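Everything below concerns the one structure shown next.
Only heavy atoms go into these numbers, but all of them, side chains included; no hydrogens, no water, no symmetry mates. Note that the coordinates shown come from a computational prediction; the quantities given were computed from them, not determined experimentally. Order of the sequence lines fixes the chain letters, A, B, ..., with proteins taken first and strands second; residue numbering starts at 1 for each chain.
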Amino acid sequence: MRRPEQLPTRFDPTSFEGRWYEAWEASGAFTPELPSEKPPFVILIPPPNVTGKLHIGHALQFTLQDLVIRWRRMQGYNALWLPGTDHAGIATQVMVERELAKEGTNRRELGREKFLTRMWEWKAQYKDNISHQAKALGASCDWSRERFTLDEMLSGAVKHAFVSLYREDLIYRAHRLINWCPRCLTALSDLEVVHKEIDGGMWDFAYPLVDGGEVVVSTSRPETMLGDTAVAVHPEDERYRGLVGKLIRHPLLDRTFPVIADAILVDPKFGTGAVKVTPAHDPNDFATGDRHGLEKINILNEDGTINANGGPFAGQDRSAARKAVLAALAEKGLRRGEKTHRHAVGHCQRCDTVVEPYLSRQWFCSVKGMAGRALAAVRSGEVRLIPDFWVATYENWLENILDWCISRQLWWGHRIPAFYCPDGHTTVSEENVATCPQCGKPAEQDPDVLDTWFSSGLWPISTMGWPADTADMRAFYPTSLLITGFDILFFWVARMVMMSCHFTGKAPFAEVHLTGLVRDARGQKMSKTKGNVMDPLDLVHEYGADAVRFTLASLASPGRDLPLDVKRMEGYRAFGTKLWNAARFLQMHLTGEEPPLEKVATSGFALPEAWILTELERTTAAVNRAWERYRFDEGCRELYQFVWNDYCDWYVEMAKPVLQEGSENGRRAEDVRAVARGVLLQALKLLHPVMPFITEEISQHLGAPELLITAPYPAPGRLPEDPAVSALMAAFQAVVQETRSYRHLVGLPPGTPLQLCLLNLQPAWRQAFSGLAGELRRLAGLSALELDPAKVPDRAIRDLAGGVSVAIVLPEGAVGEAERARLAAELEQIRGELGKVSARLADESFVARAPEEVVAGSRQRAAELSHKAQLLAATLGREP
RNA sequence: AGGCGCGUAGCUCAGUUUGGUUAGAGCGCUACCUUGACACGGUAGAGGUCAGCGGUUCGAGUCCGCUCGCGCCUACCA
């Protein structure tokens with residue numbers, strides 16, 4: 001074996017991260033075999049939008065996906081993590097439009113073609129940013145399969161899906177009330193409207209009847225009265241019985257409209273019991289209009305200004321028109337009151353403009369049937385949501401789903417494959433249509449594009465080459481796991497299930513892990529305006545990718561948001577340093593001839609070796625279990641504790657007498673070296689999915705025979721695990737800690753040698769402890785270890801540590817009043833506890849009903865407490 | 001208006017599914033220590049009526065009911 005190079009004294013992640021990423025990529029480990037005998041494990045990336053840089057939420061998702069894919073790859077799965085990006089229609093278009101606005105121009109001035117050129121330039125820049133950031137985090141994606149939603153292959157899938165759904169009558173075109181953004185000048189789906197609670201107004205005004213008299217209505221949107229075509233009352237409302245059928249004269253416009261009776265729209269107990277009806281600008285009123293054959297008068301232009309139907313108000317912006325209408329009503333003496341009213345107002349998700357219900361001709365997708373299949377997929381367990389409390393939310397949304405408006409009046413996206421001729425024929429086709437097949441006249445393609453989520457919904461299949469029967473589709477579909485944010489459960493996850501099931505009959509993934517939101521240290525949402533955003537790349541530069549990853553994985557408790565505190569990241573960087581230094585220490589003492597762990601004898605070890613192997617076995621099992629349950633926090637905690645508390649604090653300290661001083665004392669130096677190295681190497685393997693860079697670096701420096709990225713992941717059941725060893729070591733640790741504790745409590749200078757006596761040891765332990773005398777001396781700082789009870793001086797402090805009776809001989813006069821008081825307090829506490837335990841044991845129903853082992857445990861506890869009380873009492877010179 | 005989640009040490013969180021007697025971690029805090037892996041370190045320590053009330057049980061942080069706070073999602077109440 002070539003003796004590996006020494007690790008540098010200073011731990012500097014930047015010195016090796018880039019090098020290892022290149023090595024992994026060059027090794028081909030990121031690309032799965034095809035064909036392969038191995039079982040597949042596939043993760044599809046939630047494609048980041050090409051709107052900008054990655055944020056910390058992406059870093060979280062990348063970390064978790066990479067953790068799982070590395071773990072599965074090491075376990076021997078044919079692992080594929082398919083990367084890609086999303087064109088993100090409206091979101092990206094808004095970004096570029098902002099840029100154009102700064103240049104004093106806009107997309108209409110530029111024209112469709114030039115604008116799209118700008119869009120592609122933007123995309124190229126941000127796509128590069130995104131893959132660069134992913135690589136900096138260590139993401140082991142298969143870049144040879146990288147996809148973009150507007151790629152030719154994926155666009156083909158989108159066209160095919162659209163045409164198929166159209167032929168199945170699941171896509172249709174209709175003139176309906178949709179959500180309209182007057183800033184983006186496009187229709188939006190219901191999901192793209194963000195409802196915000198706003199303190200608005202509620203205004204009452206009177207409509208004069210043609211025959212005299214009036215009816216008072218309330219509204220939160222006074223300007224819509226310009227489009228009113230009825231006032232509705234409840235048919236059984238006595239107050240208005242005589243009014244039904246009468247005509248109202250519009251006070252600001254030259255037209256009349258009727259009072260109607262409608263039991264569905266009107267709640268007689270609400271407000272005045274009379275409702276103004278604006279069929280073109282309110283969904284309820286729209287339905288009412290249909291029921292009563294009312295005229296639907298659109299009063300808005302696309303940009304939110306009032307159109308010619310608004311008479312004298314035409315040309316005014318809707319907010320100005322609101323004030324003007326109120327003023328005009330006041331002038332005519334028709335205002336009847338005003339109050340503040342808290343209600344939800346819809347805003348455009350991308351530009352925050354108030355959205356209007358707007359009458360418009362759009363394409364819709366009928367999703368009820370697909371929703372039923374998507375519900376079944378989750379209910380049957382074909383798709384598992386993690387955490388499972390999301391199931392209720394998922395079901396609730398799908399059960400109440402309405403048809404989906406899929407056309408957008410944007411330019412950046414998949415153009416709708418529908419072609420129209422002047423005679424009004426519509427041809428829907430995957431191929432471009434130049435002449436109408438029905439009348440032969442020239443046909444033109446629909447200028448609109450599809451909702452970006454339409455293509456996202458196809459991501460699981462379009463990335464694999466569907467509708468073609470491709471090798472990828474056969475090998476990797478359906479996929480195994482999706483890790484994404486809960487905020488796109490409806491937008492994306494549900495739609496992928498619906499569309500993938502519809503087209504393939506199979507759900508697109510077996511499991512969906514929904515992550516929480518990354519927040520700042522105080523739990524605040526990160527936002528540019530608050531100035532508390534953290535750039536993942538900055539964090540990688542400052543703390544190293546491994547620390548960023550370990551922090552995010554540790555915080556990822558299921559279903560909870562992640563409060564990200566840089567203090568925590570500092571702590572995990574320190575963990576990396578600890579690992580680094582432990583490895584450096586080891587390197588100083590290794591010969592380079594150490595056999596691998598599996599070659600070392602597995603029995604006949606002294607306590608330290610037997611114990612650390614037992615702990616390693618326990619940790620190996622726990623970590624595998626944690627990853628299986630996607631308990632990233634638990635796995636990280638296990639690893640942290642094993643490395644720091646078990647390996648560094650205890651094992652390395654106990655190895656020092658052998659490694660540094662050559663005092664073997666029943667332990668063979670070559671065993672110690674092999675175990676110390678082998679255990680660390682296995683810990684590095686276990687840790688590799690979370691901290692790929694440092695583990696690879698150290699592992700290679702310790703002469704590992706292969707790259708960790710493709711090394712087999714340690715499985716439980718291969719190392720000896722001995723409960724007797726654990727118990728003995730626990731006792732050993734307790735004795736050491738008790739001794740140290742006394743020295744501190746009494747205020748002796750550190751390192752003051754003490755004499756320790758161990759009394760009444762069972763024979764096996766007596767032998768073990770005498771074998772460990774050197775380790776005990778060193779760790780507890782003893783001048784002498786005495787195992788003969790007869791030689792214990794009377795003045796020794798007696799106590800029970802981990803089940804072992806100890807007597808600690810402190811220097812003459814060291815035990816002052818303060819210490820006596822502390823011991824007395826402890827004695828009181830023990831007596832109190834003993835009282836409780838005894839009472840429980842005296843309770844017949846407890847003894848009769850509690851399981852045997854619980855009762856036995858209580859008995860043992862009582863015995864221990866009573867023994868401890870005796871020892872303390874003896875120390876204090878009192879009766880127990 | 002419905003639905004979901006949360007409330008555990010100064011701070012941020014595990015533990016609650018499957019009840020078991022002594023509730024854990026990290027950070028912060030206190031004291032001591034620059035000892036040949038590591039001060040991004042070591043050793044020892046302080047710190048908790050598990051939001052509140054009631055119930056079930058031999059036994060409740062854990063199960064049930066109610067109350068109070070906080071957060072989020074869905075929704076066409078004029």
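- Both Asn581(A) and Gly559(A) lie near RNA chain B, and the one whose nearest nucleotide falls closer to the 5' end is Gly559(A).
- Listed by chain and number, the residues in a ring-ring contact (aromatic ring centres under 6.0 Å, His included) with Phe585(A) are His589(A) (sequence neighbours excluded).
- In the set U22(B), U74(B), A75(B), U22(B) carries the atom at the smallest distance from any side-chain atom of Glu864(A).
- With Phe364(A) as the aromatic partner, Arg176(A) meets the cation-pi criteria of under 6.0 angstrom to the ring centre and within 45 degrees of the ring axis.
- For Thr393(A), no side-chain nitrogen or oxygen approaches OP1 or OP2 of U74(B) to under 4.0 Å.
- Look at the P atom in both A25(B) and A14(B): the space between them is 16 Å, to the nearest Å.
- Pair check for C38(B) finds none; no Watson-Crick or G-U wobble contact set falls under 3.5 Å.
- Within the structure, salt bridge (Lys or Arg N to Asp or Glu O under 4.0 Å) contacts touching residues 221-231 of chain A (residues at least two apart or in different chains) are Arg221(A)-Asp282(A), Arg221(A)-Glu356(A), Glu223(A)-Arg322(A), Asp228(A)-Lys276(A).
- Closest approach of Arg631(A) and Pro558(A) over heavy atoms only: NE-CD, 3.4 Å.
- Remark: the separation of the P atoms in G59(B) and U22(B) is 14 Å, to the nearest Å.
- Glu399(A) comes within contact range of no nucleotide atom at all, as no heavy-atom separation falls under 4.0 Å.
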Which pairs, protein N/O on one side and nucleotides 10-13 of chain B N/O on the other, fall under 3.5 Å?
unit_1	atom_1	unit_2	atom_2	d
C13(B)	O3'	Arg560(A)	NE	3.4

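- Side-chain proximity of Asp267(A) to U74(B), A78(B), A44(B): nearest is A78(B).
- With distances taken from any side-chain atom of His195(A) to the nucleotides A37(B), A78(B), A75(B), the minimum falls on A75(B).
- Counting non-hydrogen atoms under 4.0 angstrom, Arg861(A) reaches a base of the nucleic acid.
- In this structure, G65(B) forms a base pair with C53(B), meeting either the Watson-Crick or the G-U wobble geometry with both donor-acceptor distances under 3.5 Å.
- Contacts of Arg778(A) with the nucleic acid, taken as non-hydrogen atoms under 4.0 Å apart, are absent.
- Between A14(B), G42(B), C40(B), one nucleotide has an atom nearer to the side chain of Arg637(A) than all others, and that is A14(B).
- Using a 4.0 Å heavy-atom distance criterion, Val855(A) is classed as a base contact.
- Backbone-only contact: Gln641(A) has heavy atoms under 4.0 Å from sugar-phosphate atoms and none from a base.
- Closest of all the heavy-atom pairs between Ala187(A) and Ile178(A) is CB-CD1, 3.8 Å.
- Listed pair Arg573(A) / C40(B) fails the phosphate criterion, with no side-chain N or O lying under 4.0 Å from OP1 or OP2.
- Classification of Asp204(A) and Lys339(A) as a salt-bridged pair fails, no side-chain N sitting under 4.0 Å from a carboxylate O.
- Looking at the side chain of Glu833(A), the nearest of the listed nucleotides A78(B), A37(B), U22(B) is U22(B).
- Of all nucleotides listed (U74(B), A37(B), C76(B)), A37(B) comes nearest to the side chain of Met588(A).
- The closest side-chain heavy-atom distance from Trp580(A) to Ile698(A) is below 4.5 Å.
- Among all heavy-atom pairs drawn from Phe11(A) and Gly576(A), the shortest one is CE2-C, 3.8 Å.
- Distances shorter than 4.0 Å separate none of the side-chain N or O atoms of Lys269(A) from OP1 or OP2 on C77(B).
- G19(B) makes up no base pair with any nucleotide shown, lacking Watson-Crick or G-U wobble contacts both under 3.5 Å.
- Counting any heavy atom pair closer than 4.0 Å across all strands shown, Lys525(A) reaches no nucleic acid atom.
- Nucleic acid contact class of Phe270(A) (heavy atoms, under 4.0 Å, all strands): base.
- Contacts of Trp203(A) with the nucleic acid, taken as non-hydrogen atoms under 4.0 Å apart, are absent.
- Mapping Val193(A) and His341(A) onto RNA chain B by nearest heavy atom places Val193(A) closer to the 5' end of the strand.
- Closest approach of Val345(A) and Val354(A) over heavy atoms only: CG1-CG1, 3.8 Å.
- Within 4.0 Å (heavy atoms only), Asp282(A) reaches no atom of the nucleic acid at all.
- When the P atom is used for both U57(B) and A1(B), the distance is 37 Å, rounded to whole Å.
- Interatomic distance, Thr752(A) OG1 to Leu810(A) CG, rounded to the nearest 0.5 Å: 9.5 Å.
- In the set G41(B), C76(B), G15(B), the nucleotide with an atom closest to the side chain of Arg631(A) is G15(B).
- If you take atom C1' in C66(B) and the same atom in A9(B), they sit 28 Å apart, rounded to whole Å.
- Residue Trp580(A) has no polar side-chain atom (N or O) positioned under 4.0 Å from OP1 or OP2 of G41(B).
- Residue Glu844(A) is out of contact with every strand shown, counting any heavy-atom pair closer than 4.0 Å.
- Note on Phe11(A): nothing from the nucleic acid sits closer than 4.0 angstrom, heavy atoms only.
- When rounded to the nearest whole Å, the span between CD of Glu653(A) and C1' of C38(B) equals 10 Å.
- Look at Arg831(A) and Glu828(A) and you find a salt bridge, because one of the NZ, NE, NH1 or NH2 atoms lies within 4.0 Å of a carboxylate O, short of that distance.
- In a base pair of the Watson-Crick type (N1 to N3 plus N6-O4 or O6-N4) or a G-U wobble (N1-O2 and O6-N3), with each distance short of 3.5 Å, A44(B) is matched with U30(B).
- Leu265(A) comes within 4.0 angstrom of a base, heavy atoms only.
- Which of A75(B), C38(B), U43(B) sits closest to the side chain of Asp649(A) comes down to U43(B).
- The side chain of Trp397(A) sits closest to U74(B) out of U74(B), G41(B), C40(B).
- The C1' atoms of G42(B) and U35(B) are separated by 9 Å, rounded to the nearest whole Å.
- With both ends at atom C1', the span from C6(B) to A51(B) equals 11 Å, rounded to whole Å.
- Pair assignment for G2(B): C73(B), on the basis of Watson-Crick or G-U wobble contacts that are both within less than 3.5 Å.
- Among the heavy atoms of the strands lying under 4.0 Å from Pro851(A) is at least one base atom, whether or not backbone atoms are also near.
- Among the protein residues, Glu634(A) comes within range of no part of the nucleic acid, since none of its heavy atoms lies under 4.0 Å from any strand.
- Pairing for G24(B) goes to C13(B), judged as Watson-Crick or G-U wobble with the two contacts each under 3.5 Å.
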